[in-house]
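What follows is a single structure, written as structure tokens, with notes after it.
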Amino acid sequence: MNFEFSDDQKLIQDQARQFLAEHSPLSTTRKVMDGQSVYDSHLWKSIVNLGWTATAIDEQYGGLGLGSLELCVIAQELGRSLTPIPFFSTIYLAAEIIQQHGNEQQKQRLLPSIAAGETIACLASSELAGQHLFEARQTQFSNGQLSGKKIAVLDGVEADYAIVSATDTNKKHSLYLVNLHQADIQRTLSPSIDSSRPLASIEFINAVAEPLGADNAASAILTEAFDRAAVFTSFEQLGGCEASMQMGIDYTKQRFAFGRSVASFQAIKHIFADMYVAIELARSNAYFAAWALSVNDKKLPLAAATARVSAIDAYYFCSKENIEVHGGMGFTWEFDCHLYYKRAQLLSSIIGSSRWWREQLVSRLLDE
Amino acid sequence: MNFEFSDDQKLIQDQARQFLAEHSPLSTTRKVMDGQSVYDSHLWKSIVNLGWTATAIDEQYGGLGLGSLELCVIAQELGRSLTPIPFFSTIYLAAEIIQQHGNEQQKQRLLPSIAAGETIACLASSELAGQHLFEARQTQFSNGQLSGKKIAVLDGVEADYAIVSATDTNKKHSLYLVNLHQADIQRTLSPSIDSSRPLASIEFINAVAEPLGADNAASAILTEAFDRAAVFTSFEQLGGCEASMQMGIDYTKQRFAFGRSVASFQAIKHIFADMYVAIELARSNAYFAAWALSVNDKKLPLAAATARVSAIDAYYFCSKENIEVHGGMGFTWEFDCHLYYKRAQLLSSIIGSSRWWREQLVSRLLDE
Amino acid sequence: MDFNDTKEQAVFRAKAKSWLAANAQAKRQGLMAGTQEDRYQQAVDWYHKRYDAGFSCLTWPKEYGGQGLSQMYQVIWNQEVSHYGEPDEYFVIGIGNCGPALMTFASEEQKQTLLPRMARADDIWCQLFSEPGAGSDVAGLSTKAEKTGDEWNINGQKIWTSGAQYSRYGVILTRTDPEVSKYRGLTMFMIDLKQPGVEVKPIKQIDGGSHFNEVFFNDAVIPDNYRLGEVNEGWGAALMVLMNERLANATAAPDGFEDFLNWAKASDIDGVPASQDPIVRDKLATWYAQHAGVEATTFRMITAVAKGGVPGAEGSLGKLVGASMNQEIANFVIQQLDAGGQLTGDESTPLDGHFQSAVLMAPGIRLAGGTDEIMRNIIAEQVLGLPQEPRADKGIPYKDIPSGNTGA
Amino acid sequence: MDFNDTKEQAVFRAKAKSWLAANAQAKRQGLMAGTQEDRYQQAVDWYHKRYDAGFSCLTWPKEYGGQGLSQMYQVIWNQEVSHYGEPDEYFVIGIGNCGPALMTFASEEQKQTLLPRMARADDIWCQLFSEPGAGSDVAGLSTKAEKTGDEWNINGQKIWTSGAQYSRYGVILTRTDPEVSKYRGLTMFMIDLKQPGVEVKPIKQIDGGSHFNEVFFNDAVIPDNYRLGEVNEGWGAALMVLMNERLANATAAPDGFEDFLNWAKASDIDGVPASQDPIVRDKLATWYAQHAGVEATTFRMITAVAKGGVPGAEGSLGKLVGASMNQEIANFVIQQLDAGGQLTGDESTPLDGHFQSAVLMAPGIRLAGGTDEIMRNIIAEQVLGLPQEPRADKGIPYKDIPSGNTGA
């Protein structure tokens with residue numbers, strides 16, 4: 001048994017961390033949060049140059065052909081630094097779906113361009129808050145054209161392509177690839193809790209679309225894609241948890257009340273102990289899911305759901321308690337605590353929220 | 001608004017507390033727990049002499065005709081002292097059901113005798129763990145005779161009468177009054193978590209039984225009876241909570257570790273603060289339910305369920321954390337912590353457990 | 001036990017009911033309807049109307065702008081007004097905390113001049129206690145007041161001052177002697193905030209709003225007859241003010257339950273009414289038991305106060321329970337909605353984005369008026385009488401207390 | 001990352017598998033099958049068999065009764081044996097804690113004599129650290145060791161000694177100098193418990209069992225060559241022993257999840273399979289995420305130890321999480337069963353009364369080997385490096401440390 005990342009993987013992680021510490025300070029996240037842009041295109045170019053977008057794409061499609069484990073450690077660092085780039089949607093979702101389910105022509109058209117950072121892509125599947133995650137009631141496909149409206153599309157404003165779920169005239173529910181640079185597509189930025197990673201609503205009116213993946217396979221493909229993305233997301237969340245806890249520790253150590261360092265009070269220390277426990281459980285579950293993903297083990301579905309449930313809970317807890325231990329300053333826009341609290345919200349919901357994943361976990365556990 | 005017990009009621013409570021502090025030390029509870037008897041008959045006679053069994057029974061049936069509020073404050077003190085007498089089954093359940101639903105002959109036969117402490121009565125309704133609370137699948141009534149088996153009957157060993165739920169040949173589900181001093185009734189003491197209040201299984205083989213209350217009314221009568229008993233029980237639980245917290249405070253104040261009183265550590269203090277919060281919420285909900293019971297307000301069903309849910313949670317929490325703050329000594333038979341922890345278990349289950357009452361609370365809340 | 005009104009109370013309730021029906025606005029849907037400025041102006045107008053109709057500051061003496069009624073009438077008013085959507089938060093601290101302080105410590109002339117204006121919201125008041133280096137530990141404050149002749153010179157900074165941007169006056173706690181232990185060298189004053197040495201800077205919160213402010217004092221001046229209480233006896237005076245805050249906190253802290261219940265009754269999850277969803281029902285049970293418990297605890301406090309008692313530290317309970325419940329409820333509802341739950345302004349977001357606003361406001365409620373941890377300390381030490389921790393600042397002159405704080 | 005065995009490991013696993021299939025007993029249903037004495041005797045027999053087959057103390061050197069294998073073989077053994085129902089708890093502390101202490105501090109002759117007998121369960125060992133006045137604060141202990149010639153005289157009392165009633169020897173921590181600070185005046189010894197000055201009294205627990213004991217020393221004698229480590233340097237030696245306890249705790253603490261899952265799969269609530277009940281499913285999600293997290297954390301610890309690392313305070317995590325989970329699970333299941341859930345010996349009680357036993361054992365698991373609060377302190381201070389609280393006992397001679405403790 002060797003339940004640890006390899007030295008090479010750790011090196012990739014260290015380099016990513018150092019690069020982001022230098023080039024992705026939280027001020028870049030705040031610029032997007034304040035609405036100055038929808039993502040940091042300069043940073044996007046830099047990480048493309050470092051090969052991050054190419055990491056898990058096959059060499060024959062212009063990628064580096066490394067495994068998912070390498071992508072996991074990069075995800076952890078992107079999560080730690082809250083880097084405002086469309087990595088999540090383009091890499092964890094779109095590139096993975098295309099690589100797993102696209103036809104040869106689609107792969108050749110899109111994967112090299114994604115690897116090279118020239119194409120940004122997103123997944124547009126949600127239609128209504130409270131509706132079943134995989135239903136496409138309002139989006140129809142017929143005769144090569146797609147119509148309907150999707151909401152809460154991460155990176156939908158800046159994406160070049162979208163993968164869209166829709167129902168055809170035979171009530172079949174499939175995925176479609178849509179070039180978003182078409183006249184009859186209307187994209188609107190939607191105000192959301194974490195404005196550092198903007199969401200869009202996208203309205204399609206007879207937009208040209210092509211099938212992606214097998215007919216009537218939307219639910220199957222999305223289930224698999226969400227499982228895979230859940231693993232990467234849990235590493236982003238892990239990075240965010242660690243950053244939140246560290247902020248709290250650094251602040252309370254140098255902050256005094258009643259003549260003592262705030263960090264020396266048992267009530268505060270035990271909050272950190274509880275954060276640590278939540279983080280270590282999330283970390284171990286994320287590692288196990290990463291292993292299952294890397295060898296495509298049959299435990300992946302359960303492991304992915306478990307990692308996601310742990311990571312959602314841990315990030316919510318760490319980011320909210322980091323505000324709490326800061327006292328009043330934690331509630332100010334000026335301090336950075338809220339950046340993590342808001343990101344924890346976004347990541348908790350974006351590929352199905354806690355409710356959905358808890359149910360996935362249990363069905364899979366009982367099926368074992 | 002006057003949301004407080006009256007001075008008279010407080011006086012009854014103070015007297016009850018003083019009497020029990022003197023005459024019902026925990027050593028009496030331990031004697032029953034150790035199997036020396038099934039209840040303390042000497043204490044039973046004493047509290048009968050004080051009129052407690054007669055408190056809420058109408059004057060025309062030999063009672064004192066006081067209200068349910070007076071019974072609540074007595075219940076709180078019995079809960080505090082863990083007094084091992086069959087008060088719960090005889091007074092909160094049997095006397096209340098007979099007074100509300102018995103016919104005149106039954107009332108005259110039983111209530112004066114209960115008020116005088118000469119009759120002990122119990123409720124036998126459970127048949128199987130995990131079966132719906134009000135179902136009587138295994139107990140049949142036909143031709144004036146009752147057959148079947150009931151489990152987990154509180155005070156079933158020593159009771160003179162039982163109120164038994166059964167199904168008749170027309171599938172009607174009604175209550176029956178059974179004199180337990182019959183040859184064809186077999187009672188067995190069942191080992192249980194809190195052996196200071198023994199449970200019995202009772203097997204009836206063609207035992208003589210008479211209907212109690214309206215035909216097919218078992219569910220309606222038991223629903224009402226459990227609501228009323230839930231109010232009294234929540235006061236017993238409240239008394240137990242207060243005793244648990246006080247034990248913990250007294251012990252940790254005089255116990256030193258790392259050169260300081262254990263009670264001065266923030267982690268310990270905050271456990272007590274959480275106990276206090278749980279107790280005050282339970283107390284306030286119990287008061288509200290007591291008021292609703294005393295004036296028979298339409299809010300009683302919701303208020304009773306709310307009081308019961310709060311009280312179950314509070315007693316579990318206070319009694320388990322009282323063990324925790326004691327450290328290792330809290331886990332010994334010698335210390336008294338476990339008496340409360342076990343009683344918390346018994347009272348959490350005996351008229352329907354947390355699961356059942358939470359569901360009652362919500363149905364009633366949504367029906368409002 | 002009795003929840004009925006007396007005859008006089010019933011008459012008052014009927015009067016209040018009919019006046020409110022004619023004059024108060026209905027509840028708005030969203031939490032954040034209108035800008036903060038709009039809401040402030042509405043609040044001022046509402047207080048003018050209330051005052052003129054005789055419904056302001058019911059328990060204050062008539063000569064100071066009140067109605068000379070007992071606490072129970074205030075309770076009745078609060079019950080009736082809670083059915084409407086009139087904003088209240090801007091004046092709660094002035095009327096609830098500063099008013100009683102003036103009543104106790106100000107001169108008769110000051111009371112007659114200042115209190116009726118406060119009651120009518122002609123002057124807004126704020127409370128200037130917390131500082132960047134003294135939040136949970138209020139008595140650790142460092143804003144200096146130095147006496148020259150008949151005046152005091154004020155230098156320092158306050159923070160978390162609700163409503164300072166609207167306030168004409170404040171009640172301020174200052175350090176007048178750093179050579180004695182921290183509790184013994186404090187003095188309390190009224191201060192006119194519309195003077196050159198005072199600068200108010202709103203603090204932007206994580207939800208985008210600005211209820212709180214920083215207030216800077218740079219040789220601001222207070223005449224000695226604005227002093228509230230004796231020199232160096234400000235801690236006792238401040239505790240009295242904070243005690244009044246407790247009652248306000250206990251009755252006003254939003255716990256989010258009503259919104260949760262409304263959501264459960266009105267919404268579907270995957271096509272099934274949320275109120276029939278077993279997980280939602282489980283949460284309804286947990287949170288209703290707490291919500292009802294806090295509400296009934298308030299009845300107990302009101303009964304005690306009506307009988308002449310003083311609100312104790314028990315008031316901490318409502319805020320401690322309610323603030324966390326509010327956060328958990330908001331997060332729970334969002335977690336039922338998948339990605340759509342992140343949207344703050346979409347037509348599909350339930351209750352006009354209430355839960356999305358609440359999840360951002362809730363961390364502040366847990367902090368304002370004392371953190372959860374401070375609340376637990378208060379309960380443990382002041383209610384349960386548990387021993388204090390060893391104190392690094394006990395009996396030491398203020399100036400010698402260890403402090404790593406550098407400001408904000 | 002790789003969960004596969006090496007070729008050698010695979011061979012060992014196959015060997016262990018087939019030996020276990022032939023020699024080990026299947027899991028019993030109930031937790032409390034047989035009396036404690038029965039179980040103890042079974043355990044001794046089992047250890048004899050194991051030793052003779054070469055499966056005891058795999059990581060110990062061969063000359064001391066072990067097999068000289070790496071930690072990973074121990075892990076494989078643990079995985080395979082976990083499918084069977086052989087009792088283990090009586091020797092864990094001796095072999096896990098006392099063994100390594102002897103390995104480090106005892107003479108070569110002592111090691112060769114004593115360790116193989118320990119490995120075969122010919123001698124049972126116990127650890128004598130905690131005292132009535134020194135539980136969470138182990139270093140606050142007061143049992144005295146005074147030297148006369150070549151012997152030490154022991155007086156005092158130990159408590160919470162697992163298995164003392166079966167033990168031939170113990171490792172004991174004593175105070176040899178009360179004039180220095182509490183950590184600096186301690187000395188560690190082996191002690192022969194079968195001598196006149198030693199009295200062992202089992203402690204009855206709230207569940208009726210007696211795993212723990214009080215041990216009284218009244219002029220008991222220890223030859224100086226039984227000393228483990230230097231005089232007055234016992235604290236460092238004790239920390240080493242406790243560190244080994246951590247690894248044992250991390251891997252052995254029952255969290256109750258498997259039982260909960262089995263119950264959910266096998267039981268009905270109101271005629272519906274529990275596994276289809278949404279509330280039960282919600283709990284399955286919560287507890288499985290924690291259970292799986294603890295298990296995978298153990299894999300990380302094993303990897304670190306296999307690479308030559310030392311088990312850190314991280315091991316506290318498994319016990320902290322598992323002990324409470326165990327209690328909550330037991331209480332939750334009971335709360336699904338109404339009055340029948342109280343019965344401990346009824347045919348209708350699920351899993352032979354397992355949850356009823358567990359609800360009574362669980363409070364002890366939260367306390368044994370360090371309370372929840374001590375575990376959180378360890379994580380906060382030793383793992384996260386947070387500052388200690390101001391210490392009332394720091395740098396003061398042991399005899400001057402404030403203590404209100406009067407004994408038990």
Side-chain angles (χ1 to χ4, degrees), chain A residues 1-6 9 69 245 249 252-253 259-266 268-278 280-292 294-295 297 302-303 305-314 354-355 357-363 365-366, chain D residues 1-6 9 71-72 75-76 79 261 264-265 273 275-276 278 280-304 306-307 313-314 316-318 320-321 372-373 375-381 383-390:
Chain A
M1 180 193 301
N2 177 12
F3 192 52
E4 185 51 275
F5 285 98
S6 71
Q9 288 153 358
L69 292 175
M245 180 167 76
I249 289 177
T252 54
K253 267 185 172 175
R260 293 165 53 175
S261 142
V262 169
S264 75
F265 285 94
Q266 220 175 19
I268 301 297
K269 288 201 285 197
H270 287 197
I271 290 176
F272 287 124
D274 289 341
M275 284 191 197
Y276 172 83
V277 169
E280 291 308 305
L281 295 180
R283 184 195 315 281
S284 299
N285 284 330
Y287 276 32
F288 192 76
W291 165 79
S294 70
V295 300
D297 191 89
L302 175 58
T306 306
R308 177 129 178 93
V309 168
S310 282
I312 288 174
D313 290 350
S354 178
R355 176 187 178 86
W357 284 100
R358 292 171 71 83
E359 183 48 38
Q360 296 302 308
L361 185 161
V362 177
S363 337
L365 175 66
L366 291 170
Chain D
M1 285 193 180
D2 182 6
F3 279 90
N4 297 327
D5 290 335
T6 64
Q9 288 167 354
Q71 191 69 39
M72 203 50 79
V75 171
I76 292 168
Q79 288 173 340
L261 181 60
K265 284 179 173 171
S275 62
Q276 287 175 28
V280 172
R281 290 174 82 89
D282 194 51
K283 296 292 185 189
L284 278 169
T286 301
W287 287 324
Y288 179 74
Q290 293 185 17
H291 169 76
V294 169
E295 190 175 57
T297 301
T298 312
F299 297 156
R300 287 169 50 217
M301 280 179 73
I302 289 167
T303 301
K307 290 183 176 173
E314 297 86 351
S316 309
L317 185 151
L320 179 57
V321 173
D372 290 355
E373 291 67 39
M375 291 290 157
R376 289 198 179 88
N377 270 4
I378 288 173
I379 290 173
E381 295 177 4
V383 183
L384 301 177
L386 294 166
Q388 288 198 335
E389 295 205 83

Next on the checklist: Between D:R376 and A:D274 (side chain of the first, backbone of the second, donor and acceptor by atom type, cut-off under 3.5 Å), is there such a pair?
Outcome noted: no

Checklist entry - Would you call the rings of A:F3 and D:F3 parallel, tilted or perpendicular, where under 30° means parallel and over 60° means perpendicular? => result tilted

Item to check | From OG1 (D:T303) to OH (A:Y287), nearest 0.5 Å | outcome: 10.5 Å

Next on the checklist: Is A:K269 in contact with chain D via its backbone, its side chain, both, or neither, using a 4.5 Å heavy-atom distance?
Outcome noted: both

Checklist entry - Based on non-hydrogen pairs under 4.5 Å, which of A:L69, A:L365, A:I271, A:V295 is most in contact with chain D? => result A:L365

Next on the checklist: With rounding to the nearest 0.5 angstrom, report the CG to CZ distance, D:D282 to A:R355.
Outcome noted: 9.5 Å

Checklist entry - Are any of the side-chain heavy atoms of A:M275 and D:L384 separated by less than 4.5 Å? => result no

Checklist entry - Measuring heavy-atom distances to chain A, does D:Q79 have an atom under 4.5 Å in its side chain, in its backbone, in both, or in neither? => result side chain

Next on the checklist: Can you tell me how the ring of A:F288 sits relative to the ring of D:F299, calling it parallel under 30°, perpendicular over 60° and tilted otherwise?
Outcome noted: tilted

Next on the checklist: Below 4.5 Å, heavy-atom pairs only: which of A:T252, A:D297, A:I249 has the largest tally toward chain D?
Outcome noted: A:I249

Checklist entry - Where on D:E381 is there a heavy atom nearer than 4.5 Å to chain A: the side chain, the backbone, both, or neither? => result side chain

Checklist entry - How long is the gap from CG on D:D2 to OG on A:S294, to the nearest 0.5 Å? => result 9.0 Å

Checklist entry - Atom NE2 of D:H291 and atom OG1 of A:T306: how far apart are they, to the nearest 0.5 Å? => result 10.0 Å

Item to check | Side chain proximity check, D:I76 to A:M1, heavy atoms < 4.5 angstrom | outcome: no

Checklist entry - Hey, what do you get for CD1 (A:I268) to CG (D:L386), rounding to the nearest 0.5 Å? => result 10.0 Å

Item to check | Segment of D:D5 engaging chain A (4.5 angstrom heavy-atom cut-off) | outcome: neither

Item to check | chain D contact via A:R260 - which portion, at a heavy-atom distance below 4.5 Å | outcome: side chain

Next on the checklist: Pair A:E4, D:K307 - check side-chain contact (heavy atoms from CB on, under 4.5 Å), show working.
Outcome noted: CA-CA 11 Å; A:E4 185 51 275; D:K307 290 183 176 173; 4.1 Å; yes

Next on the checklist: Under 3.5 Å, is there a donor on one side chain and an acceptor on the other for D:T297 and A:R283?
Outcome noted: no

Checklist entry - Run the side-chain contact (heavy atoms from CB on, under 4.5 Å) check on D:R281 and A:S363 step by step: do they pass? => result CA-CA 9 Å; D:R281 290 174 82 89; A:S363 337; 3.7 Å; yes

Item to check | Rounded distance [0.5 Å steps], CG in D:L261 versus CG in A:L366 | outcome: 6.5 Å

Checklist outcome for this item: Comparing A:W357, A:F265, A:F5, A:W291 against chain D, the one with the most heavy-atom pairs below 4.5 Å turns out to be A:W291

Next on the checklist: Taking the side chain as everything from C-beta on, heavy atoms only, tell me whether A:H270 gets closer than 4.5 Å to D:N377.
Outcome noted: yes

Checklist entry - Of A:L281, A:N285, A:V309, which meets side-chain contact (heavy atoms from CB on, under 4.5 Å) against D:Q290? => result A:L281

Next on the checklist: Does any backbone or side-chain atom of A:S261 lie under 4.5 Å from a heavy atom of chain D? Answer side chain, backbone, both or neither.
Outcome noted: side chain

Next on the checklist: With a 4.0 Å cut-off on N to O distance, would you call A:E280 and D:R300 a salt bridge?
Outcome noted: yes

Item to check | Structural part of D:T286 lying under 4.5 Å from a heavy atom of chain A | outcome: both

Checklist entry - Side chain, backbone, both or neither: which part of A:D313 has an atom under 4.5 Å from a heavy atom of chain D? => result neither

